[in-house]
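Encoded as structure tokens, here's the structure I'll be asking about.
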Amino acid sequence: MTECKRLLNFPIRLREVGWLPGHSYIHRNVVIENVYICMSCNKLDSSLSIVNGELVLADKNPGKIFFHLIEPGTRLNTIKEAIHDELFFRFDDESASAVRKLVGGYPAFSFEEWPVELMVELQQLLSQLNKPGTADRIDQVAVRIISEIIIRHIEKSEQNKNSRQLRIYSAANGLWAGKSLREVARENGFSIRSFYREWEKCFNVSPKNYVMNKRIEKAKQLLINTGLNNMEIARRCGFADTKYFYQWFQIHFSMSPQEFRKRIHNQNTMD
């Protein structure tokens, strides 16, 4: 599209746009010269490449579309190619900085649906390249396609994040109710490893300490508001025995339950 006349000074300009159905290309020590955004789909087999000296395995996944920002200077070597469909945008050098800003922190991810209306608009424009203003419109539609794909990805990521947080809070309630960690992880759709990873994003204490903090807080309220003895308080708060209750209470308040109750009593008397 470098030969196409532009009517506007739009900050992002395409050098080339291509739709390659059933595409399979073997790179032999190819060095990329411009900024590309490539989106590939319908990949029915895995591929293997060396990218900037690192081995990259891309598994087959016909249900996903893969988005990649490819920087100038990227060196590609194909070890095993795979047939796939690909839409790519190649940008001129003056547009590289603006493209990077547009993509931001999302240079590579997968998504599930094309923005169909924008894709149809792009297809229609490509059939009218000789008309004045068409190149400008293609530049802008390319940006809209990229923007829409990234926005949908961010929205879905936020939805997944919120869902994970809600499931962690549900798991926390389950732990407080006396269920095992393995049980609450399974009920809320986590492996043990992913459960700990997501838990750390929501809480600053371990699951064990979370439960203990809740038990101690409940014990504190019972000491303040009831005349129950320590054995009954320990039982109601889920401690295996009174000794264990004493140990945890001492850790939290640097005093025994009896001392704590006495101090509260003295404060109330003075008031």
Subject >> More than 12 heavy atoms from other groups under 6.0 Å of CD on E183 >> reply: yes

Original post:
Do other residues, nucleotides or ligands put more than 12 heavy atoms under 6.0 Å from R193 CZ?
Top reply: no

**OP:** Using the side chain to side chain contact (heavy atoms under 4.5 Å, CB included) rule, take R6 and D139 through it: C-alpha gap first, then chi angles, then the decisive distance, then the call.
**Re:** CA-CA 10 Å; R6 261 70 170 196; D139 292 336; 2.9 Å; yes

**OP:** Check whether any side-chain heavy atom of E16 sits under 4.5 Å from a side-chain heavy atom of F89, and report yes or no.
**Re:** no

**OP:** For the residue pair K218 and W176, establish whether any side-chain heavy-atom pair is separated by less than 4.5 Å.
**Re:**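 Yes - at least one pair of side-chain heavy atoms lies under 4.5 Å apart.
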
Original post:
What are the two closest heavy atoms between C202 and Q165, and how far apart are they?
Top reply: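 Heavy-atom minimum between the residues: SG-CG, 3.9 Å.
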
Original post:
Just wondering, do P257 and I233 contact through their side chains at under 4.5 Å, heavy atoms?
Top reply: no

Original post:
Is it true that the side chains of S95 and D92 contain a donor and an acceptor less than 3.5 Å apart?
Top reply: yes

Original post:
Using 4.0 Å as the upper bound for N to carboxylate O, is an ion pair formed by D93 and R15?
Top reply: no

Original post:
Under a 4.5 Å cut-off applied to non-hydrogen side-chain atoms, are L222 and I224 in contact?
Top reply: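 With C-beta onward as the side chain, the pair stays apart.
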
Subject >> Linked, directly or transitively: M1 and M119 (ILVMFWY side chains, under 4.5 Å) >> reply: yes

**OP:** Only counting residues at least two apart or in another chain, list the ones meeting salt bridge (Lys or Arg N to Asp or Glu O under 4.0 Å) with R263.
**Re:** none

Original post:
Which is it for R90 and L14 under the side chain to side chain contact (heavy atoms under 4.5 Å, CB included) test, yes or no, and what are the steps along the way?
Top reply: CA-CA 6 Å; R90 179 186 179 193; L14 286 164; 5.9 Å; no

Subject >> Within residues 42-73 or reaching into it, pairs that qualify as ring pair (Phe, Tyr, Trp, His ring centres under 6.0 Å) - sequence neighbours excluded >> reply: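 Matches after skipping sequence neighbours: F67-F109.
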
Original post:
How about R137: does its CZ atom have over 12 heavy atoms from other parts shown lying under 6.0 Å from it?
Top reply: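 No, the 6.0 Å shell around CZ holds no more than 12 heavy atoms from other groups.
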
Original post:
In this structure, are over 12 heavy atoms from other groups packed under 6.0 Å from N204 atom CG?
Top reply: no

Subject >> Worked check of side chain to side chain contact (heavy atoms under 4.5 Å, CB included) between Y246 and Q258 >> reply: CA-CA 10 Å; Y246 278 24; Q258 295 96 320; 3.0 Å; yes

**OP:** May I ask you to test the L69-Y106 pair for a side-chain heavy-atom distance under 4.5 Å?
**Re:**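 Side-chain contact under 4.5 Å: no.
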
**OP:** Tell me, yes or no, whether the heavy-atom count around M231 atom CE, taken from other residues, nucleotides or ligands under 6.0 Å, exceeds 12.
**Re:** no

Original post:
Is there a donor in the side chain of R75 and an acceptor in the side chain of N52, or the other way round, less than 3.5 Å apart?
Top reply: no

Original post:
Can you check whether S170 reaches L166 side chain to side chain, under 4.5 Å on heavy atoms?
Top reply: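 No, too far: nothing below the 4.5 Å cut-off.
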
Original post:
Do V30 and I26 belong together in a cluster built from hydrophobic side chains that touch within less than 4.5 Å?
Top reply: no

**OP:** For E86 and C38, work out which heavy atoms get closest and say how close.
**Re:** OE2-SG, 3.8 Å

Original post:
Do the side chains of I70 and I37 get nearer than 4.5 Å, heavy atoms only?
Top reply: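 Side chain of I37 against side chain of I70, heavy atoms only: no contact under 4.5 Å found.
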
**OP:** Could you tell me whether I83 atom CD1 has more than 12 heavy atoms of other residues or ligands within 6.0 Å of it?
**Re:** no

Original post:
Linking I/L/V/M/F/W/Y whenever any side-chain heavy atoms sit under 4.5 Å apart, do L129 and L125 land together?
Top reply: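 In one cluster with L129: L125, yes.
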
Original post:
Which atoms form the tightest heavy-atom contact between C4 and A135, and what is the distance?
Top reply: CB-CB, 3.6 Å

Original post:
What closest approach, in Å, do I65 and C41 show between heavy atoms, and which atom pair accounts for it?
Top reply: CG1-CB, 3.8 Å

Original post:
Are E198 and K201 close enough for a salt bridge, meaning some N to O gap below 4.0 Å?
Top reply: yes

Original post:
With E187, which residues qualify under salt bridge (Lys or Arg N to Asp or Glu O under 4.0 Å), at least two apart?
Top reply: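 In terms of salt bridge (Lys or Arg N to Asp or Glu O under 4.0 Å), with neighbours along the sequence ignored, E187 is linked to K179.
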
Original post:
Among all residues two or more places apart in sequence or in another chain, which pass the ring pair (Phe, Tyr, Trp, His ring centres under 6.0 Å) test with Y196?
Top reply: none

Original post:
Got a sec, which pairs hit side chain to side chain donor-acceptor pair (under 3.5 Å) with one end in residues 118-133, sequence neighbours left out?
Top reply: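 Sorted result for residues 118-133: E121-R144.
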
**OP:** Check the pair E112, R152 against salt bridge (charged side-chain N to carboxylate O under 4.0 Å, His left out), reporting the backbone distance first and the verdict last.
**Re:** CA-CA 10 Å; E112 296 178 355; R152 291 183 186 183; over 6 Å; no

Original post:
By ring pair (Phe, Tyr, Trp, His ring centres under 6.0 Å), which residues pair with Y210, not counting sequence neighbours?
Top reply: W199, F203

**OP:** May I ask you to decide if the ring planes of Y36 and F88 are parallel, tilted or perpendicular, using 30° and 60° as cut-offs?
**Re:**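 Y36 and F88: tilted rings.
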
**OP:** Evaluate the side-chain proximity of H265 to R261: yes if any heavy-atom separation is below 4.5 Å, no if none is.
**Re:** no

**OP:** Answer with yes or no whether the side chains of S47 and K43 bring together a donor and an acceptor at under 3.5 Å.
**Re:** yes

Subject >> Stacked cation flag R13 on F91, 6.0 angstrom / 45 deg >> reply: no

Subject >> Side-chain ion pair, K262 and E259, N-O less than 4.0 Å >> reply: no

**OP:** List the atom of L223, the atom of N230, and the distance in Å for their closest heavy-atom pair.
**Re:** CD2-OD1, 3.8 Å

Original post:
Out of curiosity, does F190 fall in the hydrophobic cluster containing V205 (side-chain heavy atoms, cut-off under 4.5 Å, transitive links)?
Top reply: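 Per the 4.5 Å side-chain linkage, V205 and F190 are co-clustered.
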
Original post:
Between the side chains of N213 and H252, does any donor sit under 3.5 Å from an acceptor?
Top reply: yes

**OP:** Check whether I264 and L228 end up in the same hydrophobic cluster, where Ile, Leu, Val, Met, Phe, Trp and Tyr are linked by side-chain heavy atoms less than 4.5 Å apart.
**Re:**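 The answer is yes; both residues are in one hydrophobic cluster.
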
Original post:
Would you call the rings of F249 and F245 parallel, tilted or perpendicular, where under 30° means parallel and over 60° means perpendicular?
Top reply: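 Taking F245 first and then F249, their aromatic rings stand perpendicular (interplane angle over 60°).
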
